[in-house]
Amino acid sequence: MQNELIANLIDWAPKLGSGLWKTILLTLVSFPIALVIGLLLAMPRIGKRRIRILSIPAGIIVEVIRGTPLILQLFYIYFVLPYMGIRFDPFQAGILGLALNYGAYLSEVYRSGIEAIPRTQWEAAKALNMSWAKTMRLVILPQTLRVIMPSLGNYLVSLFKDSALASTISVTELMFAGRLLSSDTFQYITIYTAVFIIYFIISYPAMIGVRMLEKKLAR
């Protein structure tokens, strides 16, 4: 029985491995895009110098995305947008959905991080005759990144786990591979347990790493 189980796991390894690679790829591509989207959505909504013509649309986008489920956003991108002439393959739709969803949440992380920087830092840069853009680039953002780094790490781990939702639009990531194998073999317990363990083996050390980083930055 044990030998049969091991033999089955060896047979399933290529498909699960391929799914895992697609999951990692989804995470590694989506997260940097989400970082950029988050920054772009946060910038017009910061401080007294808000750019009203941009801050209002940015605020609406953030609230709409945060107020709707990620799975619905994926469905909308993959199933509804084609009716408007905008088509993405499943992988592209998965990346776009994850990046937009996490970009909205990260915009709030950026915003709270930037607004946590003491006002004296802005005043010192102004005294040195720095422009707003130069102040942001050389003074504020480097300090902000130090403040928000643990939060970014937590969101990266969450995105890795949430990438399983991309299976609902046929992205052949780890969850989708497990579902296909289960349907073919009816070995639901064994296969879903294997998928469960794979997610945990990757997520748990990452969460420990984020906690260690948080403690280090707090010193």
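Taking each heavy atom of I46 and E115 in turn, the nearest pair found is CA-OE2, 4.1 Å. Scanning all heavy atoms of the two residues, the minimum distance from A58 to P44 falls at CB-CG, 4.5 Å. Considering every non-hydrogen atom in both I77 and P82, the closest pair reads O-CD, 3.8 Å. The nearest pair of heavy atoms linking L41 to A104 is CD1-CA, 4.2 Å. Nearest heavy atoms, S30 versus A99: O-CB, 3.8 Å. The nearest pair of heavy atoms linking L26 to A166 is CD1-CB, 3.8 Å.
More than 12 heavy atoms of other residues, nucleotides or ligands sit less than 6.0 Å from atom CZ of F79. Other residues, nucleotides and ligands contribute over 12 non-hydrogen atoms within 6.0 Å of the OH atom of Y188. Heavy-atom contacts from other residues, nucleotides or ligands closer than 6.0 Å to CZ of R87 number 12 or fewer. Around CE of M212, the count of heavy atoms belonging to other residues, nucleotides or ligands within 6.0 Å does not exceed 12. Annotation: I208, atom CD1; neighbour count of heavy atoms from other residues, nucleotides and ligands within 6.0 Å is above 12.
Side-chain contact between F176 and K22 is absent, with no heavy atoms from C-beta onward closer than 4.5 Å. For the pair L70 and Q73, the minimum side-chain heavy-atom distance is below 4.5 Å. Annotation: side chain of F75 is not in contact with side chain of V80 (no heavy-atom distance under 4.5 Å). Here the side chains of I60 and I56 are in contact, with some heavy-atom distance below 4.5 Å. Under the 4.5 Å side-chain criterion, counting only non-hydrogen atoms from C-beta, F200 is not in contact with K161. In this structure the side chain of L180 never reaches within 4.5 angstrom of the side chain of K15, judged on heavy atoms. Side chains of M175 and Y192 form a contact here, defined as non-hydrogen atoms less than 4.5 Å apart. Residues Y76 and T68 are not in side-chain contact: their nearest non-hydrogen atoms beyond the backbone lie 4.5 Å or more apart.
Each of L40 and V64 belongs to its own hydrophobic cluster when Ile, Leu, Val, Met, Phe, Trp and Tyr are linked at side-chain heavy-atom distances under 4.5 angstrom. At a threshold of 4.5 Å between side-chain heavy atoms, the hydrophobic network of Ile, Leu, Val, Met, Phe, Trp and Tyr places W21 and V171 in one connected group. Cluster membership for M136 and V36, using ILVMFWY side-chain heavy atoms within less than 4.5 angstrom, is not shared. In the hydrophobic clustering of ILVMFWY residues, with side-chain heavy atoms under 4.5 Å counting as a link, F186 and I189 come out apart. Linking Ile, Leu, Val, Met, Phe, Trp and Tyr whenever their side-chain heavy atoms come within less than 4.5 Å puts W132 and I114 in one cluster.
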*Give the C-alpha distance, both sets of side-chain angles, the deciding distance and a yes or no for side chain to side chain contact (heavy atoms under 4.5 Å, CB included) between I24 and L20.*
CA-CA 6 Å; I24 292 171; L20 175 61; 4.0 Å; yes
*Between Q92 and I95, does a side chain to side chain contact (heavy atoms under 4.5 Å, CB included) hold up when you go through it step by step?*
CA-CA 5 Å; Q92 292 169 339; I95 287 174; 5.8 Å; no
_If you apply the rule side chain to side chain contact (heavy atoms under 4.5 Å, CB included), what do you find for Q187 with L181, and how did you get there?_
CA-CA 8 Å; Q187 299 286 328; L181 280 171; over 6 Å; no
_Residue pair T190, T185: steps toward the side chain to side chain contact (heavy atoms under 4.5 Å, CB included) verdict_ = CA-CA 10 Å; T190 309; T185 63; over 6 Å; no
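Atom CG in L106 sits 9.5 Å away from atom CD1 in I37 (nearest 0.5 Å). Once rounded to the nearest 0.5 Å, the distance linking CG of L174 with OH of Y199 reads 4.5 Å. Distance check, rounded to the nearest 0.5 Å: CD1 of I61 to CG of L100 gives 9.0 Å. Summarising the geometry, atom OG belonging to S170 is positioned 11.5 Å from atom CG belonging to L74; distances are rounded to the nearest 0.5 Å. Separation of atoms CG (L141) and CD1 (I148) is listed at 8.5 Å; rounding is to 0.5 Å. Once rounded to the nearest 0.5 Å, the distance linking CG of N129 with NZ of K134 reads 9.0 Å.
For E108, the salt bridge (charged side-chain N to carboxylate O under 4.0 Å, His left out) partners at least two apart in sequence or on another chain are R45, R111.
In this structure, T27 contributes its side chain and T23 its backbone to a donor-acceptor pair below 3.5 Å. Using modelled atom types, one side-chain atom of Y110 and one backbone atom of L35 make a donor-acceptor pair closer than 3.5 Å. Not one N or O on the side chain of T135 forms a donor-acceptor pair closer than 3.5 Å with the backbone of A125.
Ring geometry for Y102 versus Y105: interplanar angle of 30 to 60°, hence tilted.
Here F31 and Y155 keep their ring centres 6.0 angstrom or further from each other.
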